[in-house]
Peer 1: 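The structure that follows is given in the form of structure tokens.
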Amino acid sequence: MIWLLLTVVGVAEVSALAGYRLPGNVKPTHYILEVLTELEDPNFKFSGEVWIKVECIEPTNTIILHSKQLNITEEETTVKEIVSKDELVPLSITSQKLVKENDFLIIKLGQNLKQGTMYILHIAFAGSLQEDLAGYYRSSYIDQQSNSTKWLAVTQFEATDARKAFPCFDEPEMKAKFTVRLAHKNSFKAVSNMPLSKTVPYEKKEDYAWSHFEDSVPMSTYLVAYLVSEFEFKEAPARHNNVTFRIWSRKDALSQTELAQDVGPKVLEYYETYFDEKYPLPKQDMAAIPDFSAGAMENWGLITYRETALLYDDKVSSKVSQDRIAYVIAHELAHQWFGNLVTMKWWTDLWLNEGFATYVGTLGVEELYPEWGYLKESMLDYARFVFDLDSLVSSHPVSKEIGHPDEISQIFDTISYKKGCVILRMMHLFLGDSFKLGVTKYLRKHKYGNAEQDDLWAALTEQAHADGNLDQSLTVKEVMDTWTVQTGYPLVTVVRDYEKGTAKLTQKRYLQVKPEGAVNDTCWWIPITYTTQDKPDFKDTLPKLWMNCANRDTVELTKLDPSSWLLLNIDVGGLYRVHYDEQNWKLISDTLNSDKYTDISTTNRADLLMTIMDLAWTGDIAYEQALSLVSYLAREKDWLPWKIGLNKLGALNKILSRTPSYSYFKDFMTKLITPIYQEYNKLAIIPEQHDKMKLHISISKWAVDLEIGDSLKQIQELFVKWMETEDPDKNNPIPKDLRTNVYCNSVWYGGPHIWDFLFKRYQNSNVGTEKSTIMYALACSRDIWILNRYLEWSIDEDSDVRKQDSASVFSSIARHSIGYYVACDFLQRRIKDIYLYHSSKGHRLGSYIETCADSIIYEDELKKWKDFIAANKEYLKEAQLATNQSIEAALANTKWYANHYKTITKLMKS
């Protein structure tokens with residue numbers, strides 16, 4: 001057989017024909033995909049054939065589909081018309097060309113295809129299993145019993161990498177059924193989207209077999225999945241929906257699948273009830289992959305995960321990692337409805353997949369573990385992330401137009417996931433039960449098909465009108481388009497007239513850096529909820545009134561007690577900030593700084609801390625007033641206000657740690673934290689209650705950093721005790737939830753021998769969550785040569801740092817005071833090598849860029865940063881969104897330094 005590389009042509013030759021999108025004149029209906037995987041071959045190759053049944057939608061003599069980095073056997077490509085069940089008529093092919101820029105495979109025919117007629121397109125192909133974590137790639141691990149390297153091959157196709165595994169129509173709207181057949185060595189097992197139907201010998205290769213899988217339901221190419229490995233599985237106990245649920249992993253990690261066995265089936269059943277729509281497949285496999293670029297991938301019937309996102313060892317993994325694993329499982333299973341059953345038509349509406357999975361995943365965890373308080377904490381966290389990123393001019397709308405496919409990867413971000421989630425929750429709150437019923441209506445109407453956000457708005461409007469939960473003159477689209485098609489979110493300003501007992505509300509877009517001379521005409525439909533000090537009610541989250549474009553400057557509240565505070569946005573149910581007049585802020589602050597601080601709900605206390613610190617950052621409120629309110633934390637006992645308060649104070653810590661005034665800030669923080677530390681000063685005694693455990697861990701971290709009491713001594717004694725154990729890999733006396741703190745500070749204060757000891761534990765660990773904890777702690781060193789070596793390892797194929805963890809190592813180092821200089825210098829010196837290490841995927845540089853820009857505070861640093869960005873455009877073109885945001889975030893920091901540094905220093909000093 002002769003492998004022929006097709007002629008490669010330029011974009012100009014086909015731009016007029018199709019641009020970057022498939023023309024849609026033919027559409028696939030069924031793929032038969034056969035793939036031979038040869039993991040024992042030194043070249044790690046795969047090969048196969050695909051038969052694609054296509055329907056001609058419009059007469060054409062050209063078939064355009066996708067292919068990338070594949071060798072196509074041009075002489076074996078055929079197109080045949082299906083005349084009848086038993087008769088196929090070959091058509092002549094006049095040319096085949098590959099357009100590299102578009103990943104197009106263009107097949108020209110000697111005659112037109114006929115509208116409404118079915119054809120079979122056959123293509124033979126081959127490729128190599130790379131270690132680039134995309135397409136059909138290879139991963140490896142060390143088998144503990146044999147101490148040998150084991151290889152596996154697995155897919156990761158989202159967003160546009162199915163074309164790297166087989167020629168296909170690689171767009172989400174091109175749904176089809178798939179019949180997958182995998183050839184592999186007999187010692188390997190194969191898994192795919194659908195159940196295994198049979199295994200037969202492969203006559204052309206000794207000791208090989210074919211694994212045949214059942215026909216799939218219609219699905220997009222990015223959801224096709226297969227895995228060839230020596231993995232084993234644990235099957236969860238059967239439940240009443242009769243879905244077979246299996247967790248696959250390395251044999252050595254099989255004991256870590258119990259949490260997934262418990263969470264997965266329960267969440268799946270909850271969703272079936274919640275959506276009133278049965279899970280359509282007979283089985284659900286979940287596999288823990290040693291090398292995986294994302295956290296997890298929702299392939300229908302075969303969800304793939306990083307090991308840290310699926311495997312849990314009760315003796316080693318922290319409670320925080322338990323939360324994370326439960327959520328990731330819930331998120332991916334939510335995708336089986338949102339994304340898989342109903343798929344966005346194009347990546348513009350990615351948020352329909354990710355925003356829904358984020359919100360519904362949170363509901364799933366709340367259903368299983370109500371004692372965790374997961375819903376409230378997550379929603380507050382998501383809002384915090386959105387408030388930060390979406391206050392930049394360089395942010396983007398939830399529903400973002402996508403041109404070149406390179407742009408797709410950039411929108412898998414806070415906006416698509418977290419903002420999508422928060423606005424869904426907001427809509428859920430103002431629509432009530434109509435939300436859930438409307439979502440079911442949407443799913444049923446579009447199942448096995450594709451949809452746009454307008455399809456969701458239509459279903460919700462119809463249901464809400466029928467239920468009487470939405471005024472007949474109003475549509476969900478009119479309200480929600482203001483949140484999805486424009487960038488940003490509103491700041492609602494409240495100015496009270498205390499003599500008249502009224503308050504006037506106005507709205508404008510909130511921005512970190514105010515544009516000079518710009519007129520802001522953005523407006524939103526805002527559901528306003530509020531309560532007052534004289535009649536506090538923090539449970540009623542139904543809107544009392546609406547702000548919109550027509551009344552943006554005329555909304556007024558009446559009959560307000562002038563001696564009582566007014567508080568808007570109950571339970572942070574809306575995606576908006578609230579800025580009060582000075583007197584109202586004082587009334588709120590006075591309450592918080594008294595024994596009646598609990599009169600304001602926990603969530604809203606946290607929101608007030610977040611809001612006032614951010615308004616002080618932008619100069620909308622005086623820091624003296626902000627710090628006066630924040631000082632109430634000295635009496636706070638609940639986790640959420642502390643979490644948000646410490647996060648916002650942590651932003652100051654990051655900036656001030658690079659200035660001469662840092663000692664004053666440390667004194668301020670010591671005074672603030674010491675009272676709560678007295679309750680949690682026995683660091684090795686971890687509270688059982690979920691929120692108290694998190695508060696204990698957070699306070700202990702700050703206490704050690706500030707060297708309060710004997711906290712540092714306790715940390716060091718725990719680590720020494722561990723080092724002195726006979727077998728530190730099996731016996732670790734450090735409480736598992738305290739290990740991040742203990743490890744990091746021991747590395748920070750210790751020398752190279754401490755680093756080497758911990759790195760040895762990293763090498764020997766069999767638990768992904770523990771390896772991740774150690775990997776973070778290794779970045780805490782103060783030795784510049786060690787940090788530089790660690791950074792070098794992070795982009796070395798032969799080191800112990802896996803490619804999936806490369807960016808995490810970098811960001812972990814850069815977030816420490818000394819490491820910041822080392823890491824960001826490394827980025828600027830080695831950007832080309834980093835780019836090439838990540839297989840020339842520029843979007844992966846986004847996290848590197850954001851991390852370094854985050855701590856820029858001086859004008860000369862900003863100028864150098866801009867120069868660096870300008871000089872390296874070729875490596876950053878796929879990370880343009882993150883690059884623009886990094887410059888704006890750095891600009892915001894420099895403006896803060898110029899405007900507020902002296903004031904903060906004076907306040908902290910006094």
Side-chain angles (χ1 to χ4, degrees), residues 1 3 5 33-50 66-73 103 123-143 148-168 170 178 180-193 202 204-205 207-211 213 221-222 224-231 248-250 287-294 297 299 302 304-307 796-798 802-806 836-841 844:
M1 184 178 291
W3 298 104
L5 283 175
L33 175 62
E34 294 186 347
V35 181
L36 165 64
T37 304
E38 298 179 88
L39 281 166
E40 74 289 352
D41 187 284
N43 295 317
F44 295 101
K45 61 185 181 181
F46 68 91
S47 57
E49 297 178 78
V50 64
H66 291 106
S67 177
K68 184 176 183 180
Q69 298 175 11
L70 294 173
N71 294 322
I72 304 295
T73 316
D103 299 333
I123 305 173
F125 59 91
S128 60
L129 295 162
Q130 303 291 333
E131 293 181 277
D132 58 358
L133 314 183
Y136 193 31
Y137 71 94
R138 74 182 192 266
S139 174
S140 66
Y141 58 93
I142 302 298
D143 178 72
S148 61
T149 299
K150 299 286 187 179
W151 290 96
L152 61 109
V154 66
T155 57
Q156 171 56 37
F157 290 163
E158 191 176 34
T160 59
D161 285 322
R163 64 193 68 177
K164 289 182 65 178
F166 61 98
C168 56
D170 200 14
F178 286 82
V180 177
R181 300 166 186 162
L182 303 175
H184 52 85
K185 203 170 182 179
N186 286 330
S187 57
F188 287 88
K189 302 179 183 73
V191 193
S192 188
N193 304 87
Y202 183 25
K204 293 182 181 180
K205 282 185 76 73
D207 198 29
Y208 267 65
W210 279 106
S211 291
F213 298 91
T221 49
Y222 79 88
V224 176
Y226 36 95
L227 164 67
V228 174
S229 71
E230 295 183 64
F231 281 5
W248 295 78
S249 75
R250 300 176 285 114
I289 310 300
D291 298 283
F292 200 73
S293 61
M297 178 60 210
N299 316 298
L302 173 55
T304 44
Y305 297 79
R306 280 195 185 203
E307 289 195 347
D796 181 353
E797 296 276 5
D798 299 321
R802 292 184 179 272
K803 183 173 289 189
Q804 65 175 11
D805 299 321
S806 176
L836 294 174
Y837 181 72
H838 288 295
S839 304
S840 302
K841 289 187 177 291
R844 291 181 182 165

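Note that the numbering runs from 1 along the sequence shown for the chain. These values consider heavy atoms only, across backbone and side chains, with no hydrogens, waters or symmetry-generated copies.
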Peer 1: Is the terminal nitrogen or CZ of Arg306 (NZ for Lys, CZ for Arg) located under 6.0 angstrom from the six-membered ring centre of Phe292 and within 45° of that ring's axis?
Peer 2: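 No; the conditions do not both hold, so Arg306 does not lie above the ring face of Phe292.
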
Peer 1: For Asp41, enumerate each residue passing the salt bridge (charged side-chain N to carboxylate O under 4.0 Å, His left out) test, keeping only those at least two apart in sequence or located in another chain.
Peer 2: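 Partners of Asp41 by the salt bridge (charged side-chain N to carboxylate O under 4.0 Å, His left out) criterion, ordered by chain and then number, come out as Lys45.
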
Peer 1: Would you indicate whether the side-chain heavy atoms of Arg181 and Val35 approach each other to under 4.5 Å?
Peer 2: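 No - every pair of side-chain heavy atoms lies 4.5 Å or more apart.
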
Peer 1: Supply the atom-to-atom distance Leu39 CG to Phe44 CZ, rounded to the nearest 0.5 angstrom.
Peer 2: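 Between Leu39 CG and Phe44 CZ, I get 7.0 Å after rounding to 0.5 Å.
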
Peer 1: Are side-chain heavy atoms of Ser806 and His838 found at a separation under 4.5 Å?
Peer 2: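 Touching, per the 4.5 Å side-chain cut-off.
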
Peer 1: Can you tell me how far apart OH (Tyr305) and CE (Met297) are? Round to the nearest 0.5 Å.
Peer 2: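 Here the interatomic distance stands at 11.5 Å.
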
Peer 1: Check side-chain hydrogen bond (donor to acceptor under 3.5 Å, both in side chains) between Tyr202 and all other residues, then give those that pass, not counting sequence neighbours.
Peer 2: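 Partners of Tyr202 by the side-chain hydrogen bond (donor to acceptor under 3.5 Å, both in side chains) criterion come out as none, since no residue qualifies.
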
Peer 1: Taking the side chain from Asp161 and the backbone from Ala134, do they hold a donor-acceptor pair closer than 3.5 Å?
Peer 2: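 Pair absent, no side-chain N/O of Asp161 close to backbone of Ala134.
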
Peer 1: How long is the span from the CG atom in Leu182 to the CG atom in Leu33, to the nearest 0.5 Å?
Peer 2: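 Going from the CG atom of Leu182 to the CG atom of Leu33 covers 7.5 Å.
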
Peer 1: If you compare all heavy atoms of Pro290 against all heavy atoms of Tyr141, which two are closest, and at what distance to 0.1 Å?
Peer 2: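 Heavy atoms only, the tightest pair is CG-CD2, 4.0 Å.
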
Peer 1: List in chain and number order the residues that pass side-chain hydrogen bond (donor to acceptor under 3.5 Å, both in side chains) with Ser249, two or more places apart in sequence or in another chain; answer none if no residue qualifies.
Peer 2: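 For Ser249 there are no side-chain hydrogen bond (donor to acceptor under 3.5 Å, both in side chains) partners, ignoring immediate neighbours.
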
Peer 1: Under 4.0 Å between a side-chain nitrogen and a carboxylate oxygen: does that hold for Lys164 and Asp132?
Peer 2: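 Looking at Asp132 together with Lys164, the answer is yes, because their closest N to O distance falls below 4.0 Å.
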
Peer 1: Kindly write out the residues that satisfy side-chain hydrogen bond (donor to acceptor under 3.5 Å, both in side chains) with Lys803, not counting sequence neighbours, or none if the list is empty.
Peer 2: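 side-chain hydrogen bond (donor to acceptor under 3.5 Å, both in side chains) check on Lys803 returns Glu797.
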
Peer 1: For Arg844 and Leu133: C-alpha separation, side-chain torsions, deciding distance, then whether side chain to side chain contact (heavy atoms under 4.5 Å, CB included) applies.
Peer 2: CA-CA 12 Å; Arg844 291 181 182 165; Leu133 314 183; 4.2 Å; yes

Peer 1: Specify the closest pair of heavy atoms between Ser293 and Gln156, including all atoms of both residues, with the distance to one decimal.
Peer 2: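 Minimum heavy-atom separation between Ser293 and Gln156: OG-CG, 4.4 Å.
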
Peer 1: Establish, from distance only, whether the side-chain atoms of Gln130 and Ser128 form a donor-acceptor pair under 3.5 Å.
Peer 2: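 Judged by distance alone, the side chains do pair up.
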
Peer 1: Can you give me the closest heavy-atom contact between Val50 and Phe125, atom names plus distance?
Peer 2: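 Reported closest heavy-atom pair: N-CE2, 3.9 Å.
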
Peer 1: Distance-only, no hydrogens or angles: does the Tyr137 side chain make a donor-acceptor pair with backbone N or O of Asp291 under 3.5 Å?
Peer 2: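 Side chain of Tyr137 to backbone of Asp291, a donor-acceptor pair under 3.5 Å: yes, one is there.
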
Peer 1: Side-chain contact test, heavy atoms from C-beta onward, threshold under 4.5 Å: evaluate it for Ser140 versus Leu152 and give yes or no.
Peer 2: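 No, every pair of side-chain atoms sits at 4.5 Å or beyond.
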
Peer 1: Of all heavy-atom pairs between Asn193 and Ala225, which one has the smallest distance, and what is that distance?
Peer 2: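 Minimum heavy-atom contact is OD1-N, 2.9 Å.
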
Peer 1: Looking only at the side chains, is there a donor atom on one of Asp170 and Thr160 sitting less than 3.5 Å from an acceptor on the other?
Peer 2: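 Short answer, no.
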
Peer 1: Is a salt bridge present between Glu38 and Lys205, judged by a nitrogen-to-oxygen distance below 4.0 Å?
Peer 2: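 So Glu38 pairs with Lys205 through a salt bridge.
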
Peer 1: Identify whether the distance between the nearest side-chain nitrogen and carboxylate oxygen of Lys150 and Asp143 falls below 4.0 Å.
Peer 2: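 No, Lys150 and Asp143 are not salt-bridged.
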
Peer 1: Which value, rounded to the nearest 0.5 Å, describes the distance between Phe178 atom CZ and Ser192 atom OG?
Peer 2: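 Output value for this atom pair is 10.0 Å.
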
Peer 1: Which distance, rounded to the nearest 0.5 Å, do you find between the CZ of Arg163 and the NZ of Lys68?
Peer 2: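 One finds 7.0 Å between CZ of Arg163 and NZ of Lys68.
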
Peer 1: In Å, rounded to the nearest 0.5 Å, how long is the span from CD1 of Ile289 to OG of Ser229?
Peer 2: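 Ile289 atom CD1 to Ser229 atom OG measures 7.0 Å (nearest 0.5 Å).
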
Peer 1: Given side chains that start at C-beta, do those of Val224 and Phe157 come closer than 4.5 Å, heavy atoms only?
Peer 2: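 Of all side-chain heavy-atom pairs linking Phe157 with Val224, at least one is under 4.5 Å.
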
Peer 1: The criterion is ring pair (Phe, Tyr, Trp, His ring centres under 6.0 Å); which residues satisfy it with Phe46, sequence neighbours excluded?
Peer 2: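 If we apply the ring pair (Phe, Tyr, Trp, His ring centres under 6.0 Å) test to Phe46, skipping adjacent residues, the hits are Tyr136.
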
Peer 1: Go through the structure and list residues passing side-chain hydrogen bond (donor to acceptor under 3.5 Å, both in side chains) with Thr304, not counting sequence neighbours.
Peer 2: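 For Thr304 the side-chain hydrogen bond (donor to acceptor under 3.5 Å, both in side chains) partners, ignoring immediate neighbours, are Asn299.
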
Peer 1: Keeping the roles fixed (side chain from Arg138, backbone from Leu129), state whether a donor-acceptor pair exists under 3.5 Å.
Peer 2: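 Pair found, side chain donor or acceptor close to backbone of Leu129.
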
Peer 1: Could you go through the side chain to side chain contact (heavy atoms under 4.5 Å, CB included) check for Thr155 and Leu227 one step at a time?
Peer 2: CA-CA 7 Å; Thr155 57; Leu227 164 67; over 6 Å; no

Peer 1: Is the closest side-chain heavy-atom distance between Trp248 and Lys189 below 4.5 Å?
Peer 2: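 The answer is yes, as the side chains (C-beta and beyond) meet within the 4.5 Å cut-off.
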
Peer 1: Set out, in order, the CA-CA distance, both residues' side-chain angles and the distance that settles salt bridge (Lys or Arg N to Asp or Glu O under 4.0 Å) for Arg250 and Glu307, then state yes or no.
Peer 2: CA-CA 10 Å; Arg250 300 176 285 114; Glu307 289 195 347; 2.7 Å; yes

